[in-house]
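Bear in mind that the values here come from a model prediction, so they are computed numbers and not experimental data. One-based numbering along the sequence shown. Worth knowing before you read on, the calculation uses all heavy atoms, side chains too, and leaves out hydrogens, waters and symmetry mates.
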Amino acid sequence: MYLDQSHDPRKNARLLSQLAYHKVSVKKAVEETNAIFSRIKENAPMPKPSFLKRLRSNVALTDCATYVDEEGHAYPAWKNLLDTEYNHLLKRVRRTVNVKDYGAIGDGRTDDTEAFKKAIGSGRVRVCIPAGVFVTKGLRLPSWTYLEGAGKGTTIIKLHQAAPKGTRLITNANYRRGNRNIYIQGMTLDWNVERLGYEQKTATGGNHSSCLTFAHVTFGWVKDVSALNPGLHCFDISSPAYSYAGDGTRARGGSKYIWLDNLNGSGFGDDGITTHHSENILISNCHMCDPSGRAHQKGFSNSNGIEVDDGSRNVWLANNSTARCFGGVEVKAHHNSSAASNVQIIGHLSVNDNRSYNFRHIGHHTSTDPASQTAYDIRATNIVAIAPIYTNLYTGSNPRGMVISAYNNVVINHFTLIGDPEYDYKGNPVIALQYRARNISLHNIAIRSFQTAGTDIHIFGGTQRADCIKLRNIFIRNSAPQAIYVGTGVQQLAVHNVHARSKNGAYGLKTVNSLPDISEVHATGYKTPILIDGDT
């Protein structure tokens, strides 16, 4: 499978249903995931009161229920509020204009910035942009603005040759007070990275240098838009400034109630879609691929297809896809910021990403690091990883189907991993649970064709071990020589209903501790089906 930048992400749901090992409806799968999540939360540790006090008004979360309609589309309960605000936007729009009536040329050479400014005015307007290439030095949209093009690849807004490196091609007008009800649809955004020549670093820092940035926006929609070659991000849902004030803090002015749908992005210097210190975000039917990584030092580019980053909360990802990124989906935080929390992934297709799914709170991994106060609550349902690979984006990073580090309360349900039997995975694990991850449940996991990997599921032990792990309904076929490995010191492990089939394996299940909660392990073709404390 090869998904290029022209891939139609509206086909993702169908592709996922074809590739999934377990054929189950989205509604039933989501119900299963939520039931498992409720069970593990019953005994989960709660954040400390001091941490809750620091978050002040941020403690109260929006309704986090997920609904699935008759066609299998999943969406958060608060989408109804977003639909109501869309109707408010249409009622507030006082005029509909064509940008060409204000002097725009759209010939790919003329600077049309002033024409857009006149057409947009102070908002309450629907600006229609016909076919053409409209060169601007950046657009700033006030509240109650509807920007509508004629479609991806038909209407192109391109950054001017003389625009500074830090320019955002499209953003909202007022970062301090914030903006509301902005709708962008039907166009391609070209950041024109070629204007920088051979300059290695394409971004200036912060949330600058992106194709589209929403900073301090309440109620926003970006639909049917493609973004090309931004210095930093294709689409950034953010606060006005990133905050690094420590774990347990969040930046002021985060965006909220944002829906990104049917977006394409490629050539990004850092991430395709990213969120920072924002909440109540729905990202659906999007495809991000082939980053340049040029926002970073060569060979050290953490360029992810979709990244849910510092301080983000209540983020839904539905039927998206990524290809040839460092991380397909990364849920994370830097060491000096709060982790993203309450993230739900319902359908995702990762093809040839280095780390298909990567969940981590940097700087809260080792035994001497402080435990993360905020790395909680991830649910992933009906996801697929195809052939993770090595990448020049981040040299030395070994391919993984999934890595979970430092996070608490994670449920992975209906996960299909398909390796390349001819690819050299150099003895590395396919799924790694490590670095103080806690309260992790893997259900309905199907792994095949990672013959040169070391272990299909590796639960790391030692002083920074993962713990409180549940594995249920694991199906492994002709994959790594070691099916499941449990490291030293892991204190709580439940393994139920494992079916592993190999040709010349070492063992199906190996644990160096005597853990009693193990049943229904069928490991055929392994030299040692089950090994516990050296006893078969």
So which heavy atom on [X] is nearest to which on [Y], and how close?
X	Y	answer
Asp420	Tyr425	N-OH, 3.4 Å
Cys289	Asp4	SG-C, 3.9 Å
Tyr390	Asn428	OH-ND2, 3.3 Å
Ile258	Leu82	C-CD2, 4.5 Å
Ser255	Phe214	OG-O, 3.2 Å
Trp191	Thr202	CH2-O, 3.3 Å

Sequence-distant partners of [X], side-chain contact (heavy atoms from CB on, under 4.5 Å), two or more places apart:
X	answer
Ala119	Val97, Val99, Tyr102, Val127
Ser301	His296, Ser303, Leu393
Thr395	none
Pro240	Tyr175, His216

Under a 3.5 Å threshold, yes or no: a donor from one side chain and an acceptor from the other, between [X] and [Y]?
X	Y	result
Asp236	Thr213	no
Asn354	Ser397	yes
Asn280	Asn314	yes
Ser266	His287	no
Thr274	Asp309	no
Asn382	His414	no
Asn179	Asn174	no
Asn12	His7	yes

My understanding is that only residues two or more places apart in sequence, or in another chain, count here; which of them pass ring-ring contact (aromatic ring centres under 6.0 Å, His included) with [X]?
X	value
His334	Tyr244
His277	none
His364	His361
Tyr75	none

Distance from [X] atom [atom1] to [Y] atom [atom2], nearest 0.5 Å?
X	Y	atom1	atom2	answer
Lys223	Leu260	NZ	CG	10.0 Å
Glu85	Trp78	CD	CH2	12.5 Å
Ile237	Ile281	CD1	CD1	6.5 Å
Asp261	Leu263	CG	CG	7.0 Å

Discussion item. Considering only residues two or more places apart or on different chains, which pairs with a residue in residues 154-163 satisfy side chain to side chain donor-acceptor pair (under 3.5 Å)?
Written reply: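 Pairs touching residues 154-163 that pass the test: Gln161-Asn192.
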Keeping [X] on the side-chain end and [Y] on the backbone end, is there a donor-acceptor pair under 3.5 Å?
X	Y	result
Asp290	Arg324	no
Ser239	Ala241	yes
Ser210	Leu212	no
Asp456	Ile447	no
Ser143	Arg180	yes

Item to complete: Just jot down the side-chain hydrogen bond (donor to acceptor under 3.5 Å, both in side chains) partners of Lys118, sequence neighbours excluded, or say none.
Response: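 Applying side-chain hydrogen bond (donor to acceptor under 3.5 Å, both in side chains) to Lys118 gives none.
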Worksheet entry | Set of residues satisfying side-chain hydrogen bond (donor to acceptor under 3.5 Å, both in side chains) with respect to Asn352, sequence neighbours excluded |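 Asn352 satisfies side-chain hydrogen bond (donor to acceptor under 3.5 Å, both in side chains) with no residue once adjacent residues are dropped.
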Worksheet item: Aromatic rings Tyr146 and Tyr86: how do their planes relate, parallel, tilted or perpendicular, breaks at 30° and 60°?
Response: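 If you compare the ring of Tyr146 with that of Tyr86, the planes turn out tilted.
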Discussion item. In terms of relative ring orientation, are Phe116 and Phe134 parallel, tilted or perpendicular, with 30° and 60° separating the classes?
Written reply: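 Perpendicular.
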Fill in: Partner of Lys152 by side-chain contact (heavy atoms from CB on, under 4.5 Å), out of Leu189, Asn262, Val225
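Only match with Lys152 under side-chain contact (heavy atoms from CB on, under 4.5 Å): Asn262.
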Worksheet item: Should Asn229 and Glu194 be marked as a side chain to side chain contact (heavy atoms under 4.5 Å, CB included) after you check the CA-CA gap, both sets of side-chain angles, and the distance that decides it?
Response: CA-CA 9 Å; Asn229 306 322; Glu194 294 83 1; 3.9 Å; yes
Fill in: Among Tyr407, Phe359, Tyr435, the one residue meeting ring-ring contact (aromatic ring centres under 6.0 Å, His included) with His365
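Among Tyr407, Phe359, Tyr435, the one meeting ring-ring contact (aromatic ring centres under 6.0 Å, His included) with His365 is Tyr435.
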Worksheet item: Looking at Arg360 and Glu330, does any basic side-chain N land under 4.0 Å from a carboxylate oxygen?
Response: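 A salt bridge is present here (some side-chain N lies under 4.0 Å from a carboxylate O).
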Worksheet item: Excluding sequence neighbours, so at least two apart, what forms salt bridge (Lys or Arg N to Asp or Glu O under 4.0 Å) with Asp8?
Response: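 Applying salt bridge (Lys or Arg N to Asp or Glu O under 4.0 Å) to Asp8 gives Arg10.
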